[in-house]
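This report refers to the structure that appears directly beneath it.
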Amino acid sequence: MSETVGVVGAGTMGHGIAQVAAHAGYEVVMRDVAQEFLARGMTAIDKSLQRDVDKGRLSKEEKRALMGRIRTTTDIGALSEAFIVIEAVTEDLRVKTELFASLDEVTKSDSILASNTSSISITRLGAVTRRADKVIGMHFMNPVPVMKLVEIIRGAATSSETFEKTRALADKLGKVPLECQDSPGFVSNRVLMPMINEAIFALYEGVATRESIDGIMKLGMNHPMGPLALADFIGLDVCLAIMNVLHDGFGDSKYRPCPLLKRYVDAGWLGKKMGRGFYEY
Ligand SMILES: NC(=O)c1ccc[n+]([C@@H]2O[C@H](COP(=O)([O-])OP(=O)(O)OC[C@H]3O[C@@H](n4cnc5c(N)ncnc54)[C@H](O)[C@@H]3O)[C@@H](O)[C@H]2O)c1
């Protein structure tokens, strides 16, 4: 019997993580708060795998077996057998701290509790458990089945053993794990988000049109997507939340979110998911 990976949250990231874990041969238990979110996550996995079948990268039988390794539940107690639980719920400190305290109660005492947070302190999540040495950041990129990187973040108390086990899991999932310390935005968002924010300032100040800003970065810097299109893809609410974490965390005005970003979020123009952001979809 293969080992079990627990995933909490069946949204954009959670179902992607469940898919790659099942693909690597693990049994997966995916937990969300309501059946409809689990069903939506399973439909997204089905669609993603069907594309692989259509392109001849996966057989129908492999797809069926892979999906059969993913069990869905609303019961947090079902995560008790997992050797690692990867949390991918809403980016909200209160939601995540409450969840980590509960996971500490229901999982085996030697299980690793990993968070896919984009910006919340791993050290703070560890502090609400009795096993801060086994709490770690495992930051996958979107879309999970496609993107190679997993940023692995050590909290203040994370042990080397936890780090090594987590790195080994990322390897088994076919990802490239790269290490960093717990610091606001880690590395990925500390470097990416100020660039996106600066592109929004350039638009706000009328330095160039959205097409020119994105075109300059694509053609001049070889970026596959321009920063404004990328912001729409990530979600403008998510971009604003991360800029606020950088601003609060470092107390440095260079991280202040652009007023235009705030205005778009206030208007509900959150990017691709809402049909409108810096572009219309
Ligand atoms: N979307 C991205 O591009 C991206 C990239 C990297 C990291 N992240 C991070 O991944 C995490 C999840 O983001 P997402 O985009 O998948 O969000 P999402 O909104 O698509 O999904 C979140 C899911 O968590 C569920 N949930 C909320 N509270 C829960 C609880 N207590 N127990 C179980 N399920 C619960 C929600 O019902 C929802 O289905 C966040 O921390 C985010 O910062 C997102």
Side-chain angles (χ1 to χ4, degrees), residues 6-20 28-45 48 71-79 82 85-107 113-122 124-125 128 135-153 170 175 178 180 182 184-193 196 225 229-246 270-274 277:
V7 177
V8 192
T12 310
M13 299 304 288
H15 77 251
I17 296 166
Q19 179 180 327
V20 295
V28 178
V29 177
M30 180 165 74
R31 189 249 173 180
D32 206 303
V33 288
Q35 201 55 48
E36 62 175 295
F37 302 129
L38 292 164
R40 204 182 299 159
M42 289 306 284
T43 302
I45 293 173
S48 165
R71 190 153 60 88
T72 61
T73 182
T74 54
D75 172 18
I76 195 167
L79 298 165
V85 176
I86 306 172
E87 167 278 310
V89 307
T90 319
E91 186 77 344
D92 178 302
L93 179 65
R94 195 179 56 78
V95 172
K96 289 201 197 271
T97 48
E98 282 176 14
L99 179 64
F100 269 71
S102 307
L103 289 172
D104 194 33
E105 296 296 327
V106 301
T107 55
L113 304 181
S115 176
N116 183 52
T117 178
S118 306
S119 59
I120 289 171
S121 159
I122 301 303
R124 281 178 89 164
L125 296 179
V128 303
V135 173
I136 194 161
M138 212 178 174
H139 186 204
F140 291 82
M141 304 292 125
N142 182 20
V144 180
V146 176
M147 300 294 282
K148 282 281 174 205
L149 174 68
V150 180
E151 203 176 22
I152 302 211
I153 304 115
K175 302 298 177 194
L178 291 175
C180 74
D182 193 15
F186 315 133
V187 171
S188 51
N189 281 315
R190 179 171 178 173
V191 176
L192 174 68
M193 280 303 158
I196 286 178
M225 266 174 126
L230 180 56
D232 278 357
F233 181 71
I234 294 170
L236 302 191
D237 51 338
V238 176
C239 294
L240 179 58
I242 296 171
M243 284 312 296
N244 283 329
V245 166
L246 293 173
L270 304 183
K272 207 165 176 206
K273 61 187 167 189
M274 298 304 284

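Count residues from 1 along the sequence. Whatever order the structure lists them in is the order used to number ligands and atoms, beginning at 1.
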Which option wins on minimum heavy-atom distance to [atom]: [options]?
atom                    : options             : value
atom 22 (C) of ligand 1 : A88, A241, S115     : A88
atom 42 (C) of ligand 1 : S102, G235, S118    : S118
atom 27 (C) of ligand 1 : T90, T73, I234      : T90
atom 29 (C) of ligand 1 : L99, L38, I120, V89 : V89

* To do: Check I45, V7, V144 against Q19 for a side-chain contact (heavy atoms from CB on, under 4.5 Å) and give me the one that passes.
  =>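 Answer to the side-chain contact (heavy atoms from CB on, under 4.5 Å) test with Q19 among I45, V7, V144: I45.
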Of all the heavy-atom pairs spanning [X] and [Y], show the shortest one and how long it is.
X    : Y    : answer
S115 : F100 : CB-CZ, 3.8 Å
P145 : S48  : CG-OG, 4.4 Å
V29  : A78  : CG1-O, 3.8 Å
F140 : N116 : N-OD1, 2.7 Å
V89  : V95  : CG2-CG1, 3.8 Å
E91  : S118 : OE2-N, 3.3 Å

With heavy atoms of [X] as the reference, note each atom of ligand 1 found under 4.0 Å away.
X    : value
R31  : 30 (C), 32 (N), 33 (C)
G9   : 24 (O), 34 (N)
K96  : 40 (C), 41 (O)
T117 : 41 (O)
V8   : 32 (N), 33 (C)
F37  : 37 (O), 39 (O)

* D104 CG to L125 CG distance, which is reported to the nearest 0.5 Å ->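 D104 CG to L125 CG: 12.0 Å, rounded to 0.5 Å.
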Under 3.5 Å donor-acceptor, [X] side chain and [Y] backbone:
X    : Y    : result
K175 : M147 : yes
E87  : K96  : no
D32  : F37  : no

Has [X] got any heavy atom lying under 4.0 angstrom from an atom of ligand 1?
X    : answer
M141 : no
D32  : yes
F140 : yes

Nearest neighbour in protein (non-hydrogen) for [atom]:
atom                    : value
atom 14 (P) of ligand 1 : M13 CG, 3.9 Å
atom 21 (O) of ligand 1 : G11 CA, 3.3 Å
atom 30 (C) of ligand 1 : V33 CG1, 3.6 Å
atom 41 (O) of ligand 1 : E91 OE1, 2.5 Å

* Which bit of N116 is near ligand 1, meaning a heavy atom under 4.0 Å away: side chain, backbone, both or neither? ->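 Both backbone and side chain.
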* To do: Determine whether the side chain, the backbone, both or neither of H139 has a heavy atom under 4.0 Å from any heavy atom of ligand 1.
  =>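 The answer is the side chain of H139.
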* Taking everything shown except K273 itself, do over 12 heavy atoms lie less than 6.0 Å from its NZ? ->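 Enclosed: over 12 neighbouring heavy atoms sit under 6.0 Å from NZ of K273.
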* Close N or O approach (E87, ligand 1; < 3.5 Å) ->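 No: no nitrogen or oxygen of E87 is under 3.5 Å from one in ligand 1.
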* Using the side chain to side chain contact (heavy atoms under 4.5 Å, CB included) rule, take V33 and T74 through it: C-alpha gap first, then chi angles, then the decisive distance, then the call. => CA-CA 5 Å; V33 288; T74 54; over 6 Å; no
* Short check: is a protein heavy atom less than 4.0 Å from atom 17 (O) of ligand 1? -> no
